[in-house]
Visitor: 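Below: one structure in structure tokens.
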2 protein chains.
Amino acid sequence: MAVGNDGSRRGGVRQVAAAAGVSMSTVSNVLNRPDVVAAETRQRVEDAMSAVGFVRNGAARQLRGAPSSVVGCIVLDSSNIFFAEVVRGMEDKLAQANCLLVTCSTDVQPQRELHYLRMLDEQGVRGVIVSPVIGKLDGLVSLSRHGVPVVLLDRRRGKTELCAVTVDNVRGGRLAVQHLLELGHQRIAMVTVSTEVESLADRAKGARLAIRDAGLAPDDVLLTIRMPGPAAPDRYADAVDHLLALTPRPTAALCFNDTAAVGVLRELRRRGIAVPTEMSVMGYDDVHFASELSPALTTVRQPRYQLGWAAAELLLAESDARHRHQELLFQPDLVVRASTCPPRRPGRRPASS
Amino acid sequence: MAVGNDGSRRGGVRQVAAAAGVSMSTVSNVLNRPDVVAAETRQRVEDAMSAVGFVRNGAARQLRGAPSSVVGCIVLDSSNIFFAEVVRGMEDKLAQANCLLVTCSTDVQPQRELHYLRMLDEQGVRGVIVSPVIGKLDGLVSLSRHGVPVVLLDRRRGKTELCAVTVDNVRGGRLAVQHLLELGHQRIAMVTVSTEVESLADRAKGARLAIRDAGLAPDDVLLTIRMPGPAAPDRYADAVDHLLALTPRPTAALCFNDTAAVGVLRELRRRGIAVPTEMSVMGYDDVHFASELSPALTTVRQPRYQLGWAAAELLLAESDARHRHQELLFQPDLVVRASTCPPRRPGRRPASS
DNA sequence: CTGTTAGCGCTTTCAA
DNA sequence: TTGAAAGCGCTAACAG
């Protein structure tokens, strides 16, 4: 009894109409404009619906022009705890509007982004929330023009007319590197997955700004270690090998997210490198477990659930009559814990005089 | 150019047919049975498709009887790292079959399960993968009878004809408690979110079996602390308060997942309770960061990505001609690390003689 | 190999 | 208020 009747095939409006002794359109009215139907008739129809085991056919409704009730989201990796929580925020906001969320992960591959975008378009989704890998926004702008609302996630709208929900990544990168500079680090490795994805590029930009502000030369201080995407198995081992092979060896590693920081912590531990005394490590996101790591992770906090919620909110708003596209900007915060400390040997090089 | 043409409205098969100078059905054939169309014609049609900016209309296809290309999954909490990875496994497997995944979280509320099930049914999804909160499987069985394939996740099929992918939770609970008993613990608190959800109930069952095997009385050894669902804010604080108030105080806390274990570790630390010396803590899942926690977490490993992948695989298989429903069982493993040790005061009570 | 036609289940005019 | 009829975009069944 939990989900309609059992056993018998489920019927459509036609069967319901027959069972209730009314016409199809009355049934439709009960569904879409209940107030227009006599209470008694309505009751009879509703009874018939559960008797017949009626389930609305979304495809048919959509074909007739009803707005779809599924929304798509495309992120870099839904299994990353950061995105997982962002997505959860979306899901909950969408649930309020009786919408479902399709989750797609690109693993930072442009081709996968394209593929999912196409599939979502074919599904006729109500809209898409995208954290793009692809640099050019043309495809998304075009999609939007064709009537599929697009909300950018962690990507500024630039000159486009799209909605966007972002966190100030330039500021985040700056905060992180300021902290490391203040501790005395002069060789800092940024461990990232892409130098093209805007949010990540912005953090690098902020990092350089911080270095410049300190009167140093960004290229002398900042190194970039680029890892392969989430799918690669030994990505952290390779990244740490790379990190340790740099000369002079960096004294701090700034990871592009906390999950990566965990990977780096693990590989450093395996190699017997003490954190933070031999190597400071920073994360990014401040996920729940960051404070319980060994050592507790210094990181940059950014909102997650709230970010997804806001993105979904904007997306839903686009259905409304006249709606101005807008950009929302959240602010990150530096969270200092135990995984960073002054470098062992101060100065640019080991003092040799 | 990335996603079809720009600016102009997108056309359907009709427009494509016109543009290519062929009939609608030829276009349809190019789409569905390419081999039946002359190569030259096909090319012309394909050109027309991109010229017109053709995007297949999924709703119409579905209405005509094509199998849907979206699958639903309902889990307890998609933002929990365990489920996030399970879901990612599903997503990747489904992508191979050109399917999309809708993710739904119940937060352990039966009513939300019902709601999502209904919505997915209305969407006409290809099938659903469900980690149910609801005890009775009737609703799912009925859904399955009505032609919507159902795969149970982390739930045994019992006497039903459903497919299921599970991990041996009785074994998992047993392994965990055996370990604690061997260390000498005689008061063990299980921190859980539900005593009804089968996977969690099974672990409790395994725990009791382990105690019985050791010649002890389960009710003397095992306490249950039930937390509210994922949405509640101070759940861990409250749970730990509860834990510490028990008399005699348990010497070990067995948490129902690693995320919960992190919460418990944090709250214990806040209260100045040393882990493991004053309180042993175990998790469940062995997520990536478990080994980097402070202290490194003793836990029970279970597959995640693989679990989701397998579930999606079974679901897709149901589309095939004659397919036997089957149950897949994975095995968990005990992973001993640093968050457990012998209790400070051996014996049932503080020795007082 | 290509063109014509009917209809999936629903909503929505319109007339009663 | 309710009932009859048309058609959303696509596909499958035929006839050419």
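First the proteins, then the strands, lettered A, B, ... as listed; each starts at 1. Treat the numbers as computed from the prediction; the structure is a model and nothing was measured.
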Visitor: Return the angle between end axes of the helix from C:dC1-D:dG16 to C:dA16-D:dT1, with five pairs used per end and rounding to 10°.
Guide: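 Comparing the first five pairs with the last five, the axes sit 40° apart.
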Visitor: Identify, residue by residue, the members of residues 32-42 of chain B with a heavy atom below 4.0 Å from DNA chain D, and return them in order of residue number, or none.
Guide: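 The stretch gives B:N32, B:R33 as the residues lying under 4.0 Å from the strand, ordered by number.
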Visitor: Does A:E122 pair with B:R56 as a salt bridge, N-O distance under 4.0 Å?
Guide: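 Salt bridge flag = no for B:R56 with A:E122.
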Visitor: Side-chain contact, heavy-atom cut-off 4.5 Å: A:V141 with A:L162?
Guide: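 The answer is yes, as the side chains (C-beta and beyond) meet within the 4.5 Å cut-off.
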Visitor: Which pairs, protein N/O on one side and nucleotides 3-7 of chain C N/O on the other, fall under 3.5 Å?
Guide:
residue: C:dG3; atom: OP2; partner: B:S23; partner atom: N; Å: 2.6
residue: C:dG3; atom: OP2; partner: B:S23; partner atom: OG; Å: 3.4
residue: C:dG3; atom: OP2; partner: B:T26; partner atom: OG1; Å: 3.3
residue: C:dG3; atom: N7; partner: B:S25; partner atom: OG; Å: 2.7
residue: C:dT4; atom: O4; partner: B:S25; partner atom: OG; Å: 3.4
residue: C:dG7; atom: N2; partner: B:R64; partner atom: NE; Å: 3.2
residue: C:dG7; atom: N2; partner: B:R64; partner atom: NH1; Å: 2.4
residue: C:dG7; atom: N3; partner: B:R64; partner atom: NH1; Å: 2.9

Visitor: Please list all pairs meeting salt bridge (Lys or Arg N to Asp or Glu O under 4.0 Å) that have one or both residues in residues 96-111 of chain A, counting only residues at least two apart or in different chains.
Guide: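 Salt bridge (Lys or Arg N to Asp or Glu O under 4.0 Å) check on residues 96-111 of chain A returns A:D107-A:R112, A:D107-B:R88.
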Visitor: Round to the nearest Å and state the distance from B:M49 atom CE to D:dC10 atom P.
Guide: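 Spelled out: CE on B:M49 to P on D:dC10 is 11 Å.
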Visitor: Could you tell me how far apart B:Q62 (CD) and D:dT11 (P) are, to the nearest whole angstrom?
Guide: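 That distance rounds to 12 Å.
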Visitor: Rounding to a whole Å, what distance do you find between A:L63:CG and C:dC10:P?
Guide: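 It works out to 12 Å between those atoms.
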Visitor: So which of B:V150, B:V151, B:V148 actually passes side chain to side chain contact (heavy atoms under 4.5 Å, CB included) with B:E318?
Guide: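 Of the listed options, the one satisfying the test is B:V151.
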Visitor: Look at A:R61 and C:dG9 and indicate whether a side-chain polar atom (N or O) is within less than 4.0 Å of OP1 or OP2.
Guide: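 For C:dG9, neither OP1 nor OP2 has a side-chain N or O of A:R61 closer than 4.0 Å.
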Visitor: Roughly, in whole Å, what's the span from CZ in A:F54 to P in C:dG9?
Guide: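 Whole-Å distance recorded here is 11 Å.
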Visitor: I'd like to check the side chain to side chain contact (heavy atoms under 4.5 Å, CB included) partners of A:P110; sequence neighbours left out, ordered by chain and number.
Guide: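 Per chain and number, A:P110 pairs via side chain to side chain contact (heavy atoms under 4.5 Å, CB included) with A:V133, A:I134.
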Visitor: Side chain to side chain contact (heavy atoms under 4.5 Å, CB included) with A:L152: which of A:T166, A:V165, A:L137?
Guide: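 Single side chain to side chain contact (heavy atoms under 4.5 Å, CB included) partner of A:L152 among A:T166, A:V165, A:L137: A:L137.
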Visitor: In whole Å, what is the span from the CG atom of B:L31 to the P atom of D:dG9?
Guide: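 Computing the B:L31:CG to D:dG9:P distance gives 15 Å.
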Visitor: A:T41: what forms a side chain to side chain donor-acceptor pair (under 3.5 Å) with it, not counting sequence neighbours?
Guide: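 Checked A:T41 against side chain to side chain donor-acceptor pair (under 3.5 Å); zero matches.
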Visitor: What pairs with A:E91 under salt bridge (charged side-chain N to carboxylate O under 4.0 Å, His left out), at least two apart in sequence or on another chain?
Guide: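 For A:E91, no residue satisfies salt bridge (charged side-chain N to carboxylate O under 4.0 Å, His left out) once neighbours in sequence are set aside.
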Visitor: With sequence neighbours excluded, tell me which residues meet side chain to side chain donor-acceptor pair (under 3.5 Å) with A:Q109.
Guide: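 Applying side chain to side chain donor-acceptor pair (under 3.5 Å) to A:Q109 gives none.
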Visitor: What residues form a salt bridge (charged side-chain N to carboxylate O under 4.0 Å, His left out) with B:E85, not counting sequence neighbours?
Guide: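 Expected list: B:R304.
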Visitor: Quick test of your reading: applying salt bridge (Lys or Arg N to Asp or Glu O under 4.0 Å), list the pairs with at least one residue in residues 153-164 of chain B, sequence neighbours left out, ordered by first then second residue.
Guide: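 Residue pairs passing salt bridge (Lys or Arg N to Asp or Glu O under 4.0 Å), neighbours aside: B:R155-B:E198, B:R156-B:E198, B:R156-B:D202.
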Visitor: Who are the side chain to side chain contact (heavy atoms under 4.5 Å, CB included) partners of A:N29, not counting sequence neighbours?
Guide: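 For A:N29 the side chain to side chain contact (heavy atoms under 4.5 Å, CB included) partners, ignoring immediate neighbours, are A:R33, A:V36, A:V37.
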Visitor: In whole Å, what is the span from the CD atom of A:Q43 to the P atom of D:dT1?
Guide: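 Spelled out: CD on A:Q43 to P on D:dT1 is 16 Å.
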Visitor: Any side-chain heavy atom of A:V27 sitting closer than 4.5 Å to one from A:V22?
Guide: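 Counting from C-beta outward, A:V27 and A:V22 do come under 4.5 Å.
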Visitor: So which of residues 12-19 of chain A are in contact with DNA chain C, with a heavy-atom cut-off of under 4.0 Å?
Guide: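 Only A:G12, A:V13 qualify.
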